[in-house]
Amino acid sequence: MVQAKTLTQNTTYYTLALVFQKVLAFVYFTFLARGLGVEDLGRYTFAFSFTTIFSVFVDVGLNSVLTREIAKDRSRTKEILANVLGIKLFLSLFVYLFVVILINLMDYPEITKNLVYLTGVIMLLDTFSNTFWGVLRGHQNLKYESAGIVFFESLVIIVGAILLILDLGVVVQVLAVLMGSSFLCFFSYWEMRRRTHLIPTIQIDRSLAKKLLIIAWPFALTGILARLNTQIDTIFLSKIGCATQAICDANVGIYSVATKIILAIHFLPLAFVAALFPALSEFFATDQEKLARTFEKAMRYLMFISAPIAGGLLILAPDFVPQIFGREYYGAILPLQILAGSLIFLFLTFPIGSLLNACSKQLQNTKQIGVAVAVNTLLNIFLIPRLTYVGGAISSLVSTVVLFVLGIYATNKILKYNKKYLLTSFLQSLLAGIIMVFVLWLLLFKIHFIYLIILGALVYFLALFLFGFFTRQELNDILLSLRIKKSL
């Protein structure tokens with residue numbers, strides 16, 4: 001059975017690793033933005049966005065099924081993994097060929113096509129890395145995946161910095177990520193073998209493969225829709241709302257600064273859900289009371305961390321965007337502020353989606369994401385030709401709120417949890433965030449934004465402490481997970 005300490009430690013390991021990765025990735029992206037310029041940054045971003053959408057057709061939801069089924073019965077690890085690898089190898093060839101054919105049928109310049117060819121290879125490497133890590137997740141072990149994340153990002157930033165200095169062009173710049181993904185694929189395979197003592201094989205047992213795909217297809221459809229929901233605005237911006245392709249590339253470059261900041265923050269709910277999903281799967285089968293309590297804590301935790309981030313971005317964006325990325329990216333301020341408004345809702349959709357998947361409600365989760373994608377797509381079609389990247393940000397905000405509302409409605413029908421407890425936690429976080437925002441607004445442009453970030457965090461934590469947000473047990477859990485001391 002999953003222990004609370006295991007869940008907390010897995011979350012801590014993975015969160016700390018992703019903090020390290022995202023800090024380095026953000027620094028690297030900043031140098032890319034300044035070194036490549038707006039248009040090349042737009043091409044670079046589009047290539048990754050384009051191939052990211054198709055990565056779901058290689059995975060087809062199998063990683064989630066792999067983790068869930070292994071968490072339920074570890075004795076079947078080798079059998080399930082062999083079939084997942086067999087299916088993915090078969091799909092990889094066809095998906096990559098489709099990507100190559102599609103990008104050639106579309107009216108993009110040669111440099112963009114070359115970028116897509118390379119990012120397509122990266123897509124394939126990453127999906128196999130995730131498969132190997134999925135095995136260790138099923139065994140409740142995120143420590144080595146956390147180490148792999150740190151090694152990957154360190155390699156990317158070292159090689160990427162060298163390539164930027166050499167100024168060899170945007171296509172060559174992608175090789176930094178290709179090298180990092182190649183290393184991570186090998187490292188994940190090696191660690192999976194070491195920790196599970198399994199030598200992976202590749203096979204397709206028709207009966208088992210069919211069963212896995214039947215279980216996985218709602219995950220696959222959810223993944224496709226989720227990727228579309230996050231990447232469709234970039235694809236639209238690369239083609240509509242502009243007179244020339246160069247202007248389109250520039251629009252994507254400006255918008256990518258706003259979305260990169262928001263996506264970089266995704267590591268917080270992603271890290272938590274990575275550790276949470278196996279626990280929810282087990283509790284759904286064994287203990288409904290623990291399932292409810294775990295869900296409550298997950299929602300409360302993400303309320304706690306999302307409120308100050310959203311408020312900080314909203315207030316500080318006019319100060320730090322020009323300073324960090326340069327004045328040519330000044331247009332990214334407004335879309336970033338709009339996207340910041342969606343953060344609280346966005347964070348809370350992660351545990352909601354994880355709960356629905358763990359409770360075998362994949363189809364319900366898929367339907368909700370489908371509605372959100374439809375809303376996002378329709379708004380993009382209407383708003384991007386008129387407002388370009390601002391229209392993309394508005395579309396994303398509205399679709400995120402729609403997804404959250406639908407998710408809460410569905411959760412209420414399948415799980416009995418303490419709604420008053422969560423509402424109180426939300427109001428405490430919101431009020432503390434408002435107090436923080438007011439303080440930052442008074443001092444904006446008077447103090448360097450770095451000092452304002454530190455001050456804002458202190459104000460927020462102090463306000464929550466005064467509101468009685470933290471319990472003694474919660475503080476103990478945090479300290480234990482960090483191994484600071486055994487108890488207060």
**Q** For a side chain to side chain contact (heavy atoms under 4.5 Å, CB included) check, start with the C-alpha distance between Leu66 and Arg137, then their side-chain angles and the critical distance, and finish with the verdict.
**A** CA-CA 9 Å; Leu66 177 72; Arg137 289 185 184 188; over 6 Å; no

**Q** Is there a side-chain hydrogen bond (donor to acceptor under 3.5 Å, both in side chains) between Ser238 and Tyr108? Walk through the geometry before answering.
**A** CA-CA 9 Å; Ser238 73; Tyr108 284 102; 2.7 Å; yes

**Q** Determine yes or no for a side-chain-to-main-chain donor-acceptor pair under 3.5 angstrom, with Thr349 supplying the side chain and Leu346 the backbone.
**A**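 Looks like yes, one N/O pair under 3.5 Å.
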
**Q** Using a 6.0 Å distance limit plus a 45 degree cone around the ring axis, check whether Arg300 lies over the aromatic ring of Phe469.
**A**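 Yes, cation above the ring, under 6.0 Å and within 45°.
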
**Q** Is there a donor-acceptor contact under 3.5 Å from the side chain of Tyr330 to the main chain of Val321?
**A**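 It does not hold such a pair.
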
**Q** Would you please test Tyr96 and Val121 for side chain to side chain contact (heavy atoms under 4.5 Å, CB included) and show each step?
**A** CA-CA 8 Å; Tyr96 188 79; Val121 176; 3.8 Å; yes

**Q** Please work out which of the three classes, parallel, tilted or perpendicular, describes the rings of Phe183 and Phe187, given edges at 30° and 60°.
**A**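 Parallel.
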
**Q** Just how far is it from atom CD1 of Ile262 to atom CG of Leu313, taken to the nearest 0.5 Å?
**A**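 Result: 5.5 Å between the selected atoms.
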
**Q** Once the angle between the rings of Phe325 and Phe26 is folded into 0 to 90°, is it parallel (under 30°), tilted (30 to 60°) or perpendicular (over 60°)?
**A**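 Perpendicular: the ring planes of Phe325 and Phe26 meet at over 60°.
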
**Q** Taking Asn114 as the fixed residue, which of Val170, Val174, Val172, Val171 is the one that meets the side-chain contact (heavy atoms from CB on, under 4.5 Å) rule?
**A**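 Considering Val170, Val174, Val172, Val171, a side-chain contact (heavy atoms from CB on, under 4.5 Å) with Asn114 is found only for Val171.
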
**Q** Give a yes or no on whether the backbone of Met123 and the side-chain of Thr127 come within a donor-acceptor separation of less than 3.5 Å.
**A**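 It does not hold such a pair.
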
**Q** Are Phe304 and Phe461 close enough that their ring centers fall under 6.0 Å?
**A**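 Yes, they do, as the ring centres are separated by less than 6.0 Å.
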
**Q** Does some side-chain heavy atom of Phe48 sit less than 4.5 Å from a side-chain heavy atom of Ile122?
**A**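 With C-beta onward as the side chain, the pair touches.
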
**Q** Please report the interatomic distance CG(Leu62) to CG(Leu91), rounded to the nearest 0.5 Å.
**A**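 It comes to 8.0 Å.
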
**Q** Quick check: do Gln368 and Leu356 have side-chain heavy atoms less than 4.5 Å from each other?
**A**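 The answer is yes, as the side chains (C-beta and beyond) meet within the 4.5 Å cut-off.
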
**Q** Closest heavy-atom contact between Ala250 and Val38?
**A**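 That closest heavy-atom pairing would be O-CG1, 3.2 Å.
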
**Q** Please answer whether the main-chain N or O of Leu178 pairs with a side-chain N or O of Ser181 as donor and acceptor at a distance below 3.5 Å.
**A**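 No, because the side chain of Ser181 does not come within donor-acceptor range (under 3.5 Å) of the backbone of Leu178.
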
**Q** Applying side-chain hydrogen bond (donor to acceptor under 3.5 Å, both in side chains) to Asn376 and Ser396, what does each step give before you reach the verdict?
**A** CA-CA 6 Å; Asn376 195 10; Ser396 181; 5.4 Å; no

**Q** So, Tyr255 side chain and Asp233 main chain: donor-acceptor pair closer than 3.5 Å or not?
**A**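 Judged by distance alone, no pair lies under 3.5 Å.
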
**Q** First locate atom CG of Asn251, then atom CD1 of Ile384, and finally report the distance between them rounded to the nearest 0.5 Å.
**A**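 The CD1 atom of Ile384 is 9.5 Å from CG of Asn251, to the nearest 0.5 Å.
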
**Q** Counting only heavy atoms not in Tyr451, do more than 12 fall under 6.0 Å of its OH?
**A**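 No, OH of Tyr451 has 12 or fewer neighbouring heavy atoms, counting only those of other groups under 6.0 Å.
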
**Q** Are the side chains of Ile333 and Pro322 in touch, meaning some heavy atoms are under 4.5 Å apart?
**A**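 Yes - at least one pair of side-chain heavy atoms lies under 4.5 Å apart.
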
**Q** Taking atom CD of Glu191 and atom CG of Leu184, what is their separation to the nearest 0.5 Å?
**A**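 With rounding to 0.5 Å, CD (Glu191) is 11.0 Å from CG (Leu184).
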
**Q** Using a 4.5 Å cut-off on heavy atoms from C-beta on, say whether the side chain of Ile305 contacts that of Leu302.
**A**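 They are in contact (side-chain heavy atoms under 4.5 Å apart), so the answer is yes.
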
**Q** Where do Phe426 and Ile344 land on the side chain to side chain contact (heavy atoms under 4.5 Å, CB included) test, with the steps shown first?
**A** CA-CA 10 Å; Phe426 176 77; Ile344 297 177; 4.0 Å; yes

**Q** How close do Arg34 and Gly326 get, heavy atom to heavy atom, and via which atoms?
**A**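 That closest heavy-atom pairing would be NH2-N, 3.4 Å.
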
**Q** Taking the side chain as every heavy atom from C-beta outward, state whether Phe50 and Thr119 have any atom pair closer than 4.5 Å.
**A**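 The answer is no, as the side chains (C-beta and beyond) never meet within the 4.5 Å cut-off.
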
**Q** Quick one: does Thr45's side chain have a donor or acceptor within less than 3.5 Å of a partner on Gly253's backbone?
**A**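 No, because the side chain of Thr45 does not come within donor-acceptor range (under 3.5 Å) of the backbone of Gly253.
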
**Q** So Thr52 and Arg227, side-chain hydrogen bond (donor to acceptor under 3.5 Å, both in side chains) or not? Walk me through it.
**A** CA-CA 7 Å; Thr52 293; Arg227 293 294 172 86; 5.2 Å; no

**Q** Report yes if the distance between the aromatic ring centroids of Phe132 and Phe128 is under 6.0 Å, otherwise no.
**A**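 When the ring centroids of Phe132 and Phe128 are compared, they turn out to be at least 6.0 Å apart.
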
**Q** Could you go through Tyr117 and Ile103, starting from their C-alpha distance and side-chain angles, then the distance that decides it, and tell me whether this counts as side chain to side chain contact (heavy atoms under 4.5 Å, CB included)?
**A** CA-CA 9 Å; Tyr117 301 154; Ile103 197 65; 3.9 Å; yes

**Q** Mark yes when over 12 heavy atoms from residues, nucleotides or ligands other than Phe31 sit less than 6.0 Å from its CZ; otherwise mark no.
**A**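 Atom CZ in Phe31 is not crowded, with 12 or fewer foreign heavy atoms closer than 6.0 Å.
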
**Q** Is the backbone N or O of Asn63 less than 3.5 Å from a side-chain atom of Thr67, with the two atoms forming a donor-acceptor pair by type?
**A**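 Pair found, side chain donor or acceptor close to backbone of Asn63.
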
**Q** If I compare all heavy atoms of Leu41 with all of Ser256, which pair ends up nearest, and what's the gap?
**A**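 In this case the closest contact between Leu41 and Ser256 is CD2-OG, 3.6 Å.
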
**Q** Below 4.5 Å, heavy atoms only, C-beta onward: do Ser55 and Asp126 meet side chain to side chain?
**A**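 Not touching, per the 4.5 Å side-chain cut-off.
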
**Q** Drop me the distance from Ile309's CD1 to Leu314's CG, to the nearest 0.5 angstrom.
**A**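 Ile309 CD1 to Leu314 CG: 13.5 Å, rounded to 0.5 Å.
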
**Q** Contact between Gln428 and Met303 at the side-chain level, heavy atoms closer than 4.5 Å - yes or no?
**A**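 In short, these two side chains do not touch, never coming nearer than 4.5 Å.
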
**Q** Answer yes or no: is there a side-chain heavy-atom contact under 4.5 Å between Leu452 and Ile315?
**A**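 Result no, sub-4.5 Å side-chain heavy-atom pair not found.
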
**Q** Where is the tightest heavy-atom contact between Ala372 and Leu403, given as atom of each residue plus distance?
**A**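 Looks like CB-CB, 4.0 Å.
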
**Q** So, for Leu464 and Ala432, which heavy atoms are closest and what is the spacing to 0.1 Å?
**A**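 Shortest heavy-atom contact: CD2-CB, 3.7 Å.
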
**Q** What are the two closest heavy atoms between Gln245 and Pro109, and how far apart are they?
**A**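 In terms of heavy atoms, the two residues are closest at CG-CD, 4.2 Å.
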
**Q** Check whether more than 12 heavy atoms from other residues, nucleotides or ligands sit under 6.0 Å from atom NZ of Lys88, and answer yes or no.
**A**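 Result for NZ/Lys88: enclosed.
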
**Q** Rounded at 0.5 Å granularity, tell me how far CD1 in Ile434 sits from CG in Leu427.
**A**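 One gets 9.5 Å once the value is rounded to the nearest 0.5 Å.
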
